[in-house]
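Position 1 is the first residue of the sequence, and the numbers go up from there.
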Amino acid sequence: MLPDINQRMLIRQLRELESDHLLTRKVYPVVPPKVEYQLTEIGRELSTIVQHICDWGDHYYEVVADLSTDIAD
């Protein structure tokens, strides 16, 4: 979903989310290195809020597009 992000930036963002207690990180002692991230309870609660904000943004975008069409007519 983030095609233009590089590995360094992704790791930086994941570590920040981990320090904010939104993610947990599990490192497996294998070669090549394997790391798994999982949402914490706080992260799951926040994801619900973020989804509502995204839904509002989608609706707002449609409303503005409709208004722009009405004005152009």
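Here the straight-line distance linking atom CG of L23 with atom CD of Q13 works out to 10.5 Å at 0.5 Å rounding. We find the CG-CG distance between D20 and L46 to be 10.0 Å, quoted to the nearest 0.5 Å.
The cluster map of Ile, Leu, Val, Met, Phe, Trp and Tyr, joined by side-chain heavy atoms under 4.5 Å apart, puts L10 and V35 in the same cluster. Both L14 and L39 are members of a single hydrophobic cluster when ILVMFWY side chains are connected at heavy-atom separations under 4.5 Å. Connection of I5 to I11 is not established within any shared hydrophobic cluster, with ILVMFWY side chains joined at heavy-atom distances below 4.5 Å, either directly or through further cluster members. No chain of hydrophobic side-chain contacts below 4.5 Å, direct or via other Ile, Leu, Val, Met, Phe, Trp or Tyr residues, connects L67 to Y60.
Annotation for E36: atom CD counts as buried by contact number, over 12 foreign heavy atoms lying within 6.0 Å. The local environment of CD in E41 is crowded, with over 12 non-hydrogen atoms from other residues, nucleotides or ligands closer than 6.0 Å. At most 12 non-hydrogen atoms from other residues, nucleotides or ligands lie less than 6.0 angstrom from CZ of R12.
Here the side chains of V27 and R25 are in contact, with some heavy-atom distance below 4.5 Å. Annotation: side chain of Y37 is not in contact with side chain of K26 (no heavy-atom distance under 4.5 Å).
A donor-acceptor pair under 3.5 Å is absent between the side-chain atoms of T24 and the main chain of T40, judged by distance alone.
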